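For reference, the structure is listed below as structure tokens.
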There are 2 protein chains.
Amino acid sequence: MTTAERLIESMHTLLWERGYSGTSPRAVQELAGAGQGSMYHHFRSKAGLAVAAELQMSDELKHQITARLDSGSTTREKVAAFLTLDENVLRGCRLGRLVQDAAVVDDDSLRAPIAATFDWIQDQIRQVLAEGRRNGELDPNLDVDDLAATILAVRQGAYVLARGAQSSEPFRRATQGILQLLPR
Amino acid sequence: MTTAERLIESMHTLLWERGYSGTSPRAVQELAGAGQGSMYHHFRSKAGLAVAAELQMSDELKHQITARLDSGSTTREKVAAFLTLDENVLRGCRLGRLVQDAAVVDDDSLRAPIAATFDWIQDQIRQVLAEGRRNGELDPNLDVDDLAATILAVRQGAYVLARGAQSSEPFRRATQGILQLLPR
DNA sequence: GTCTATATGATGATAGAC
DNA sequence: GTCTATCATCATATAGAC
């Protein structure tokens, strides 16, 4: 891995763990084993490096989500796979946690990659739901745009509850709760 | 208002706006019109003042939620009232946003009031749902514990999506999406 | 109870040598 | 490309006078 790649990787890890405001350039440099000058040679600023890390987050997330939404055979199975517990729920969603940070929301270059990824995810879910509606698996009267937003919101909110409780139980409950409303 | 009350009020405002890590004692003092020494006379630390502010947040939130859950006549109306758009969705949930901050989650005295409030809210929703099930408004096979977690998660997640998009539209969609799954 | 002074370390970045 | 030195500012308090 090049120094630039290690810096991005380290920023990715720390953004997930400590958030944007909670991550100092110094901490990133230490984790990457790079010096002060090195970081500022490859990136204009902390925000510039963070944007690069966000793009990596987005890429990884898209691959994971595609794999999950493709995994089941029925609509319900696909949605269930999307909502299924991660290895480590308490870490939260790496993108979702960032939007709580005012420094991120106030800087469009930092916020835009997150917004775009959320849009992409909702659209993937919407397509799965739309197919289910065509198949007759779902009620033809359902608004699949709204329901796609709901399903993503359940996942994001489930992370919030799990972090508050420091337990994965609320995550499991919240995701089970929506699944019981979808026809088998 | 006493100085202590103004300090709590100011911390409340800034926690909501900037989060815990993003709020400095100095900023709180300025907003409250109090000096450095004054703050540390009334509170042991930044964390101590933040706990006091969290208790105020919790109190206000409980009153608002009670009012909403009591407002409708049917189960669906009550849930809809709970999920209804706030004046300013983009601010997010004052408690939900705090749990994304590692400094909050790592300090039990800061996390506990949030966890307790989330538990309280879920229990209130659960009671509304349980009554609806007894009434025959809801399917008797529904797990109301899970569904209560889902409904709170939708609200929390809807805030996350709205902040990401810097628009209240995803909030509206996500909440409508779950309501269309509840029987009329 | 409130004020000013002071302390210690971190933050985010720049300068310039190598 | 990477390193060390340096910088101004801020964060989170503590000390002690008034």
Side-chain angles (χ1 to χ4, degrees), chain A residues 1-54 56 97-98 100-111 113, chain B residues 1-54 56 97-98 100-111 113:
Chain A
M1 262 207 286
T2 67
T3 301
E5 285 167 349
R6 272 183 292 115
L7 283 164
I8 292 174
E9 191 72 30
S10 300
M11 179 59 101
H12 183 152
T13 300
L14 290 172
L15 282 180
W16 201 346
E17 228 167 64
R18 312 285 312 173
Y20 179 74
S21 291
T23 296
S24 66
R26 174 188 297 209
V28 177
Q29 292 151 24
E30 258 170 42
L31 186 57
Q36 191 92 326
S38 195
M39 176 187 137
Y40 284 99
H41 171 75
H42 291 288
F43 300 95
R44 285 194 72 268
S45 62
K46 172 185 171 181
L49 174 50
V51 168
E54 283 180 348
Q56 197 188 68
R97 68 160 304 166
L98 294 178
Q100 302 292 354
D101 191 327
V104 170
V105 166
D106 290 349
D107 180 340
D108 263 3
S109 72
L110 284 169
R111 189 184 58 79
Chain B
M1 261 207 288
T2 67
T3 300
E5 284 168 348
R6 272 183 292 114
L7 283 164
I8 292 174
E9 191 73 28
S10 300
M11 178 59 100
H12 182 153
T13 299
L14 290 172
L15 282 180
W16 201 346
E17 228 167 66
R18 311 284 312 173
Y20 180 73
S21 291
T23 296
S24 65
R26 176 189 295 208
V28 177
Q29 292 150 25
E30 259 171 41
L31 186 58
Q36 191 92 324
S38 196
M39 177 188 136
Y40 284 99
H41 171 75
H42 291 288
F43 300 94
R44 285 194 73 268
S45 62
K46 173 186 170 180
L49 173 51
V51 168
E54 283 180 347
Q56 197 189 67
R97 68 160 303 167
L98 293 178
Q100 302 291 356
D101 191 327
V104 170
V105 166
D106 292 349
D107 180 340
D108 263 4
S109 73
L110 284 170
R111 189 183 58 78

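All chains are named by letter (A, B, ...) in the order of the sequence lines, taking the proteins before the strands, and each is independently numbered beginning at 1. In what follows, every heavy atom counts, from backbone to side chain, and hydrogens, waters and symmetry copies are set aside. Predicted model only: the values in this text are computed from it and were never measured.
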Listed nucleotide nearest any side-chain atom of A/H42, set D/dT2, C/dG1, C/dT11: D/dT2
5' priority, DNA chain C, between A/G22 and B/G37 [closest heavy atom]: B/G37
Among C/dA5, D/dA11, C/dG12, the one nearest B/Q36 by side-chain distance: C/dA5
Distance in angstrom units between A/L49 CG and C/dA13 P, rounded: 11 Å
Candidates D/dC10, C/dG12, C/dT2 - which lies nearest the side chain of A/K46: C/dG12
Closest non-hydrogen atom pair between A/W16 and A/R97, with its separation: O-NH1, 2.9 Å
B/T3 side-chain N/O to C/dT2 phosphate OP1/OP2 under 4.0 Å: yes
Value in whole Å for how far the C1' atom of D/dC10 lies from CD of B/Q29: 13 Å
Whole-Å distance separating the NE2 atom of A/H41 from the C1' atom of C/dG12: 19 Å
From C/dT11, D/dT2, D/dA13, nucleotide with atom closest to A/S24 side chain: C/dT11
For atom CG of B/L7 and atom P of C/dG1, their distance in whole Å: 13 Å
Distance-minimising heavy-atom pair for A/V28 and A/T23: CG2-CG2, 3.6 Å
A/M1 CE to D/dG1 P, straight-line distance once rounded to whole Å: 17 Å
A/H42 NE2 to A/E5 CD distance, which is reported to the nearest 0.5 Å: 10.5 Å
Residue pairs involving residues 16-29 of chain B (criterion salt bridge (Lys or Arg N to Asp or Glu O under 4.0 Å); sequence neighbours excluded): A/D106-B/R18
Rounded distance in Å - CE (A/M39) to P (C/dG12): 9 Å
Sugar-phosphate, base or nothing in reach of A/G35, heavy atoms under 4.0 Å: sugar-phosphate
Nearest-Å distance for atom pair CZ/P, residues A/R26 and D/dT4: 13 Å
Proximity to the side chain of B/Y40 - top-ranked nucleotide from D/dT12, C/dT11, C/dT2: D/dT12
Between D/dG1 (P) and A/R44 (CZ): distance, integer Å: 18 Å
Residue-phosphate contact under 4.0 Å: B/S38 side-chain N/O, C/dG1 OP1/OP2: no
Gap between atom CE of B/M11 and atom CD of B/E54 - 0.5 Å precision: 9.5 Å
